[in-house]
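Everything below concerns the one structure shown next.
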Number of protein chains: 2
Amino acid sequence: MDVRMVICGLGRVGQAFMGLLIQKEKDLQKRYGLNLKATAAVDIGGAAISPEGLPLEDLLSHLKKGGQVENMARYGKKGFSGKEALSSGLADLLVEATPTNIKDGEPGMTHIRTAFSNGLHVVTAAKGPLVLRYSELKASAEKAKVRLMISAATAAALPTLDVGLSCLAGTEVLAAEGILNGTTNYILTRMYEDGCPYGEALAEAQKMGVAEPDPSLDVEGRDTANKILLIANEVFQAGLFLRDISVEGITRVTPEDIERAKKERKVIKLIGKVEKKNGKIVASVSPMALPLDHPLACVRGTEKAISYLTDTMDRVTVSGGKSNPQGAAAAILKDIIQIYKG
Amino acid sequence: MDVRMVICGLGRVGQAFMGLLIQKEKDLQKRYGLNLKATAAVDIGGAAISPEGLPLEDLLSHLKKGGQVENMARYGKKGFSGKEALSSGLADLLVEATPTNIKDGEPGMTHIRTAFSNGLHVVTAAKGPLVLRYSELKASAEKAKVRLMISAATAAALPTLDVGLSCLAGTEVLAAEGILNGTTNYILTRMYEDGCPYGEALAEAQKMGVAEPDPSLDVEGRDTANKILLIANEVFQAGLFLRDISVEGITRVTPEDIERAKKERKVIKLIGKVEKKNGKIVASVSPMALPLDHPLACVRGTEKAISYLTDTMDRVTVSGGKSNPQGAAAAILKDIIQIYKG
């Protein structure tokens, strides 16, 4: 089966995804019968277009040399936008890999809406549109009878949603608790295992590239909040907005807090949580002291995990999964396979 | 959508499954549009039959009072066999819950073959037929264009196969390592944490009902071998037989082994393993000393887990899931939902 894709956003995730398409081309045909072709690749200044499928190796090497996509020989088209690409009958599916923008969700929001109004499936790594307007977008996908796949936006290669929806099908999920941010888990692990204070652990994480120069999205718990919001809406059909979630990050966790937890045979983790409380679905983000035998207690360093509590299968916990752009690209590819595996 | 089922085997798993059907009836209709009806329930001496669907509450209470299914008022039919039930156009799907028989796979083998030759899907908790003739049965299912679902035979509510096949779609799975038997993990945990010798830990496990009076299937590693064989064949398409797997249980693990591992900051676990070695797929079962930061190292007590190593998503580990008959029943239900979710 031929699948024609528009790829929007050619940064680290978009490029990793193109690399993966090259690496996996034969395997995808053999194992899944899928022939994935990028008919358009779009970035801020324009696009490269080919109804027969772009030569991805050439495009990648052009980009890696610092070239802009719109200047690619033969295929480049200056000023050609994602909206145009998605409206021109070029594709069956949108891969949305533009940067996450939590203010107005653009340009992802426009891309996703345009994809739906043209009958395209959407696989997105961008969290912005989902965090801002999950219910609207989900309803649009259903109306257009296409799929909206968001694995890459919800902890990427860690299969948070697959486990919550598919592996636990038929159960009632009572609660979900996740360590959904690698940066903060790394900092807390260093504080717990080596006794360093918060500032020192953060500085080290920044030096290693584990934390951003501006770490606020991570350490203030907002990245975790974005992910737990999407998990609440997908797995629990909660219909929540970001404003419904109480969020506390790790900036106020002290060495004394860590020591106190240790004495009680506990460990402090930044937990994104969704639970059913008196018939309502409540989500929150906060540092929590977990008993050492809690399945999330031994999730160390930059590792992520999510633990679901169910009525008929008890507790199921999944951990790991690459969390760099390659991991996000692998999650996008998995979502595409799941759309077409029938 | 109406789904008519023949349930073969009315022991603990079969009864738990019927209980689950009663409990989840409304939820299955609402969430998945499924109306699951048991048109036949078969045990060793006969069956109960109703083309409109058996009254499961009545049947369960009859069985729980010690009644035989063939003596159930109105619906009972003495001597009516699984083979007859599966050949009489009564059903779309077989739920196979007869005891695991590793000698010749019967009666499950006959049931599954009959189901396929009549165009029925099969969801099985019985390992025997799969362990003995996986490739043949898989080929028969494909030929009949029906599904063979085996979650309940491969660690039940722990989603070993869902994660290996669906959550990791598009990756190359390089290796799988599992703690797949709760009894042996309980014994090894007691030996590690409390320093008890093997015999004492086993006796305690037997007293608690965690180990069988004859524990050999578990402690000799054969139960783990059965499960890792099925995982090798489903996830790695290995085409292996039981005789291809080297199996060592935990009966020779001594307190000295445990102490030596502890000194090296390791913990001994009974690991079922599949890996690609020089282009070949090799499976084995043996006690292994894992470093304390290995994701399986903190899987304690009767808990089970499996860890997959992949090329593009790194390592993904899943743990937990109820492992009693209720967990197996929940895994059967999940498999049925996955067949029909489209």
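Just so we're on the same page: letters track the sequence lines, and every chain starts at 1.
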Worksheet item: Can you tell me how far the NZ atom of A:Lys227 sits from the CG atom of A:Leu161, to the nearest 0.5 Å?
Response: 12.0 Å
Item to complete: Would you indicate whether the side-chain heavy atoms of B:Val163 and B:Val316 approach each other to under 4.5 Å?
Response: yes
Fill in: Contact class of B:Ser166 relative to chain A, heavy atoms under 4.5 angstrom
both
Discussion item. For A:Thr312, which atoms come within 4.5 Å of any heavy atom of chain B: side chain, backbone, both, or neither?
Written reply: both
Worksheet item: Taking A:Ala156, A:Ala157, A:Cys167 one by one, which has the highest count of heavy-atom pairs under 4.5 Å against chain B?
Response: A:Cys167
Worksheet item: B:Arg31 versus chain A, heavy atoms under 4.5 Å apart: side chain, backbone, both or neither?
Response: side chain
Discussion item. According to salt bridge (charged side-chain N to carboxylate O under 4.0 Å, His left out), who are the partners of A:Glu193, at least two apart in sequence or on a separate chain?
Written reply: A:Arg300
Worksheet item: In terms of heavy-atom pairs under 4.5 Å with chain B, which of A:Leu168, A:Asn324, A:Asp162 leads?
Response: A:Asp162
Fill in: Best-contacting candidate, A:Ile336, A:Val318, A:Thr317, against chain B by heavy atom pairs under 4.5 angstrom
A:Thr317
Practice prompt. For the residue pair A:Lys269 and A:Asn185, confirm or rule out a side-chain donor-acceptor distance under 3.5 Å.
Written response: yes
Response to the item:
Okay, B:Gln23 and chain A: the region with an atom under 4.5 Å from a heavy atom over there is side chain
Discussion item. Working to the nearest 0.5 angstrom, can you tell me the gap between A:Thr184 OG1 and A:Met191 CE?
Written reply: 11.5 Å
Discussion item. Tell me which of these, B:Gly320, B:Gly301, B:Ala169, has more heavy-atom pairs under 4.5 Å with chain A than the rest.
Written reply: B:Ala169
Worksheet entry | Greatest number of heavy atom pairs closer than 4.5 Å to chain A - which of B:Cys298, B:Gly321, B:Gly327 | B:Gly321
Discussion item. Under a 3.5 Å cutoff, is there a donor and acceptor pairing between the side chains of B:Lys334 and B:Ser151?
Written reply: yes
Worksheet entry | Largest heavy-atom contact set with chain B, pairs under 4.5 Å, which of A:Gln326, A:Lys24, A:Glu172 | A:Lys24
Worksheet item: Distance from B:Asn35 atom CG to B:Gln29 atom CD, nearest 0.5 Å?
Response: 4.5 Å
Worksheet item: On the ring face of B:Tyr32, is B:Lys341 found with NZ or CZ under 6.0 Å from the centre and within 45° of the axis?
Response: no
Item to complete: Name the region of B:Leu20, side chain, backbone, both or neither, that has any atom closer than 4.5 Å to a heavy atom of chain A.
Response: side chain
Response to the item:
Sorted by chain and residue number, the salt bridge (charged side-chain N to carboxylate O under 4.0 Å, His left out) partners of A:Lys322 (sequence neighbours excluded) come out as none
Discussion item. Please classify the contact between A:Leu158 and chain B as side chain, backbone, both or neither, with a heavy-atom cut-off of under 4.5 Å.
Written reply: neither
Worksheet item: Which answer fits A:Asp335, side chain, backbone, both or neither, if we ask what part of it has an atom under 4.5 Å from a heavy atom of chain B?
Response: neither
